[in-house]
Every structure is written in structure tokens, then in C-alpha cells.
Amino acid sequence: MSVFFSILVKIIKARWIFKFPKKTKILVFDRFWSEYMFNFINKKEVEILFTRYEEINVPILIKCLIKRNLSPKSYYKEFIEAVNPKLIITFIDNAQRFWEINKITKIKTAFVQTGMRCHLYENNSFGKIFNNKSKKKLYKVNHMFVLNKDYGKKYNSFIKGNVSIIGSFKSNTFQILKKKKKRRS
């Protein structure tokens, strides 16, 4: 199946939204893993930019059509401008399209690393970028919340931005229950 046909099927199956996105302080780039964020932030205070064709915002799409630019970057730019957030955050730390957001907006960006990168050393595009020996900063993300210092160093070798070590965001959302030890009589 061709890439075009695959995308066309996704677009046809998408939920079509006929009103502009709401203005919020936080814009989530791709809904994947974002449900864990809602333990800390009211869902009503966040807008989500769906990047996998789950939802298509018709007014934003029309703006792109008027400007004769239907590229994903154009759609993202128009959506971001409509929301006018203070922060754009994603839980997809290995999304190259997110690392490039700073090329279309000046709004602060952040990603939260949500998993181990076991495939880092495989021969794929992410592994090649992650293991780039030139240490050239190819991208920019204002804040990178990572699992540990080693990931922080690796990301910071090709992404310009501040690194904060937070461990596992998902694990940090669960309360630690202390078991009471039973006394033996």
C-alpha cells in the first residue's frame, strides 16, 4: 500500500472538527501519552494538536488551503497560531518533527522522554541521528525532560536546549505505597 493511500485512508477515518481550537496556555503536540499529564493539569486548560490524522481541524485546513500550503508543517503552524500557547509539549521524545517546531514558531517547547531507547543503535533514522558523531546541534527544544544523565548528554549532543533529569514520568505519576511489616508474635 502506498504512503499516499495510507494517509488518505487515515484522513477519511479522521474525526473532523468544525471550530477553531481554543486558546490555551499549553498545547500538547500529539496526544500519545498525554493522559499522564492530566494527573497534574486540568484537561480543559490544554489543547491537543493531533499529528497522526486522528482529528482534522477544518478551519485550520481551510487556512492552509487559502495559503496554498497543505504540508504538515503549515498545518502545525496555523494550529499553533490559533491556540497561541505559552508552551508546546510532547511526550514523543523521538519525534523529529517536534524537534523542528522552533523553525515555525518562537513559542517555548518541551519534550518528556517516556521510554528507553533500546533501538538507538539500530540502523534507523532516529538511531543515526542519536549516534551522530559530529556533535552538531541539528535541532532545538527549549526543555528536555529525560530519564537519566546519559540520555540527557546524548540528546544534548544534537538538540540545543536545557536538559532536566526526571526519571520515568509515567512511574512518577503513581503513588508509592509503603507496606507495613507484620510483627511476629
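As a basis for the values below, the full set of heavy atoms in this structure was taken, side chains included, without hydrogen atoms, waters or symmetry mates. As the structure is a prediction and not an experimental result, all values here were calculated from the model.
Heavy-atom neighbours of Lys23 NZ from other residues, nucleotides or ligands within 6.0 Å: above the threshold of 12. Applying the 6.0 Å contact sphere to NZ of Lys63 captures more than 12 heavy atoms from other residues, nucleotides or ligands.
The minimum heavy-atom distance linking Pro21 with Phe79 is given by the pair CB-CZ, 3.6 Å. Scanning both residues, Val83 and Glu47, for their nearest heavy atoms gives CG2-CG, 3.8 Å. Taking every heavy atom of both residues into account, Ile26 and Thr24 meet most closely at O-OG1, 2.9 Å.
Separating the CG atom in Leu147 from the CD1 atom in Ile166 is a distance of 7.5 Å, to the nearest 0.5 Å. Annotation: the span from Lys22 atom NZ to Lys44 atom NZ amounts to 9.0 Å, rounded to 0.5 Å. Interatomic distance, Thr90 OG1 to Leu49 CG, rounded to the nearest 0.5 Å: 9.5 Å. Rounding to the nearest 0.5 angstrom, the gap separating the NZ atom in Lys160 from the CG atom in Asn156 is 10.5 Å. Rounded to the nearest 0.5 Å, atoms NZ (Lys153) and CG (Asp150) are 6.0 Å apart. Rounding to the nearest 0.5 Å places OH of Tyr76 at 14.5 Å from OG1 of Thr105.
The side-chain heavy atoms of Asp93 and Tyr151, taken from C-beta on, include no pair separated by under 4.5 Å. In this structure the side chain of Ile80 never reaches within 4.5 angstrom of the side chain of Lys77, judged on heavy atoms. Inter-residue side-chain proximity for Leu70 and Tyr75 is flagged as unmet; no heavy-atom pair is nearer than 4.5 Å. Counting heavy atoms from C-beta outward, Ile159 and Met144 have side chains that approach closer than 4.5 Å.
Legend: residues meeting salt bridge (Lys or Arg N to Asp or Glu O under 4.0 Å) with Glu54, ordered by chain and number and at least two apart, are Arg31. Evaluation of the salt bridge (Lys or Arg N to Asp or Glu O under 4.0 Å) rule for Arg15 yields Glu55 as partners, not counting sequence neighbours.
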(request) Applying side chain to side chain contact (heavy atoms under 4.5 Å, CB included), run through Ile11 and Ile56 and close with a yes or a no. (result) CA-CA 8 Å; Ile11 290 171; Ile56 296 174; 3.7 Å; yes
(request) Could you walk me through whether Arg52 and Ile92 pass side chain to side chain contact (heavy atoms under 4.5 Å, CB included), step by step? (result) CA-CA 12 Å; Arg52 301 176 198 216; Ile92 313 296; 3.6 Å; yes
(request) Mind running side chain to side chain contact (heavy atoms under 4.5 Å, CB included) on Val163 and Lys149 for me, showing each step along the way? (result) CA-CA 9 Å; Val163 173; Lys149 67 179 180 179; over 6 Å; no
(request) Show the numbers, then the answer: is there a side chain to side chain contact (heavy atoms under 4.5 Å, CB included) between Tyr155 and Gln113? (result) CA-CA 10 Å; Tyr155 275 114; Gln113 182 181 359; 4.0 Å; yes
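The pair Lys67-Glu78 meets the salt-bridge criterion, since a charged nitrogen lies less than 4.0 angstrom from a carboxylate oxygen. In this structure, Glu100 does not pair ionically with Lys140, as no charged nitrogen and carboxylate oxygen lie closer than 4.0 Å.
A donor and an acceptor atom, one from each side chain of Gln96 and Tyr139, are located under 3.5 Å apart.
Screening Thr51, Ile89, Ile88 for a side-chain contact (heavy atoms from CB on, under 4.5 Å) involving Phe98 leaves a single residue, Ile88. Screening Ile107, Thr109, Ile101 for a side-chain contact (heavy atoms from CB on, under 4.5 Å) involving Asn142 leaves a single residue, Thr109.
Ring pair Phe29/Phe111: centre-to-centre distance not below 6.0 Å.
Linking ILVMFWY side-chain heavy atoms closer than 4.5 Å, directly or via other members, places Leu61 and Tyr53 in a single hydrophobic cluster. Taking hydrophobic clusters as Ile, Leu, Val, Met, Phe, Trp and Tyr residues chained together by side-chain heavy-atom distances below 4.5 Å, Phe158 shares a cluster with Val146.
Panel note: side chain Ser74, backbone Ser71; no donor-acceptor pair is recorded below 3.5 Å.
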